[in-house]
Amino acid sequence: MIFLPLLLAAGGAVAFQDIGGLDRAVSAFTSRPIGAEGGARTAIDSRLRLAPCSTVALAWRTEAHDAVVVSCSGPDWRIFVPVIRPAAAAAPAGAARPMTVAAKAEPVIRRGDPVVIEAGSNGFSISREGVAMGDAAPGGRFMVKVDDAKGPVQAIALESGRATLPGWGE
């Protein structure tokens, strides 16, 4: 993580954070200009109105270096700046490329089936019953109508009659 002081404009307080300064900081952090491989995909939207921050922190979002996290702890804000990832290495000329055919998985949940949606972790679990509003193969997303909910709930199919909420593994 790098902390980078951004100087406020001389002659008074700045109403908003200097977005151009953030672009320059991201370019310095990645060592690549905006639009170049390894650099920010695009400039940060100049319409963004962030509270001024005297020191911003820059860090990679993940080890994959797919985005730069620009954050401020004074006035608490954080933005993510996507980075252009290198293209996959091209196969040598004349090399045979294996052809894979994706087989469509058979649905384990069908429209109208009763479904139990489960979510939880160590020491905590919750479940709700509902009716599937569409078909879903294992790992597929579908909507579930729950009686006392305003609208349908999105779920991920696990097996026949069982689903979980997105973000909750089995």
Side-chain angles (χ1 to χ4, degrees), residues 1-2 22-23 26 29-32 34-45 47-51 56-73 75-170:
M1 182 178 291
I2 293 179
L22 294 179
D23 281 330
V26 170
F29 181 78
T30 62
S31 302
R32 301 280 189 255
I34 296 170
E37 187 175 289
R41 286 186 187 178
T42 62
I44 299 169
D45 190 344
R47 297 172 295 180
L48 191 59
R49 301 293 181 233
L50 299 170
V56 296
L58 291 102
W60 291 109
R61 185 178 75 90
T62 66
E63 292 298 319
H65 293 200
D66 58 350
V68 174
V69 180
V70 181
S71 59
C72 180
S73 60
D76 195 22
W77 54 259
R78 176 175 56 176
I79 61 173
F80 297 84
V81 180
V83 171
I84 298 174
R85 300 287 300 139
R97 290 170 38 166
M99 183 174 227
T100 58
V101 177
K104 188 172 181 179
E106 192 64 31
V108 292
I109 295 177
R110 300 237 181 233
R111 181 180 180 162
D113 285 352
V115 176
V116 176
I117 305 170
E118 304 165 335
S121 61
N122 291 339
F124 161 79
S125 70
I126 186 169
S127 63
R128 297 288 308 261
E129 294 181 353
V131 177
M133 296 178 67
D135 298 349
R141 292 180 183 238
F142 67 106
M143 301 303 285
V144 178
K145 174 68 176 138
V146 180
D147 286 336
D148 56 346
K150 255 187 177 175
V153 176
Q154 188 178 79
I156 299 174
L158 297 175
E159 59 186 34
S160 182
R162 279 188 59 224
T164 188
L165 294 173
W168 294 88
E170 225 185 328

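FYI, the numbering just counts along the sequence from 1.
- Side-chain atoms of Arg128 do not come within 3.5 Å of backbone N or O of Asp147 as any donor-acceptor pair.
- Contacts of Asp76 classified as side chain to side chain donor-acceptor pair (under 3.5 Å), with partners at least two apart in sequence or in another chain: none.
- For the pair Arg61 and Asp66, the salt-bridge criterion is met [side-chain N within less than 4.0 Å of a carboxylate O].
- Across every non-hydrogen atom of Ile156 and Phe142, the tightest pair is C-CE2, 4.0 Å.
- Few gaps surround CG on Asp45; more than 12 heavy atoms of other groups in view lie less than 6.0 Å from it.
- Ala155 and Pro166 make their closest contact through CA-CD, 4.3 Å (heavy atoms, listed as atom of the first residue, atom of the second, distance).
- For the atom pair OG (Ser73) and CZ (Arg78), the distance works out to 12.0 Å, reported to the nearest 0.5 Å.
- Salt-bridge check for Arg111 with Asp135: failed, with every basic side-chain N at 4.0 Å or more from each acidic carboxylate O.
- The CD atom of Gln154 sits 4.5 Å away from atom CZ of Arg141, with the distance rounded to the nearest 0.5 Å.
- Contact between Pro75 and Ala51 at its shortest, heavy atoms only, is CB-CB, 3.6 Å.
- Using cut-offs of 30° and 60° on the angle between ring planes, the pair His65 and Trp60 is parallel.
- Partners of Arg41 by side chain to side chain donor-acceptor pair (under 3.5 Å), not counting sequence neighbours: none found.
- Here Ile34 contributes atom CD1 and Ile44 contributes atom CD1; the two are 7.5 Å apart, rounded to the nearest 0.5 Å.
- With respect to Leu158, the side-chain contact (heavy atoms from CB on, under 4.5 Å) criterion is satisfied by exactly one of Thr164, Val108, Val115, Ile109: Thr164.
- Expressed to the nearest 0.5 Å, how far CD1 of Ile79 lies from CG of Leu22 amounts to 5.5 Å.
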Residues Val131, Val144; criterion side chain to side chain contact (heavy atoms under 4.5 Å, CB included); working and verdict: CA-CA 5 Å; Val131 177; Val144 178; 5.8 Å; no
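- Taking the charged nitrogens against the carboxylate oxygens, Arg32 and Glu37 have no contact shorter than 4.0 Å, which rules out a salt bridge.
- You'll find the side chain of Leu165 reaches within 4.5 Å of the side chain of Ile117, heavy atoms only.
- With rounding to the nearest 0.5 Å, the separation of NZ in Lys145 from CD in Glu129 is 14.5 Å.
- Ile84 and Gly35 get closest at one heavy-atom pair: CD1-O, 3.3 Å.
- In this structure, the side chains of Leu48 and Trp77 stay at 4.5 Å or more apart for every pair of heavy atoms.
- Here the closest heavy-atom approach between residue Arg110 and residue Ala132 is recorded as O-CB, 3.5 Å.
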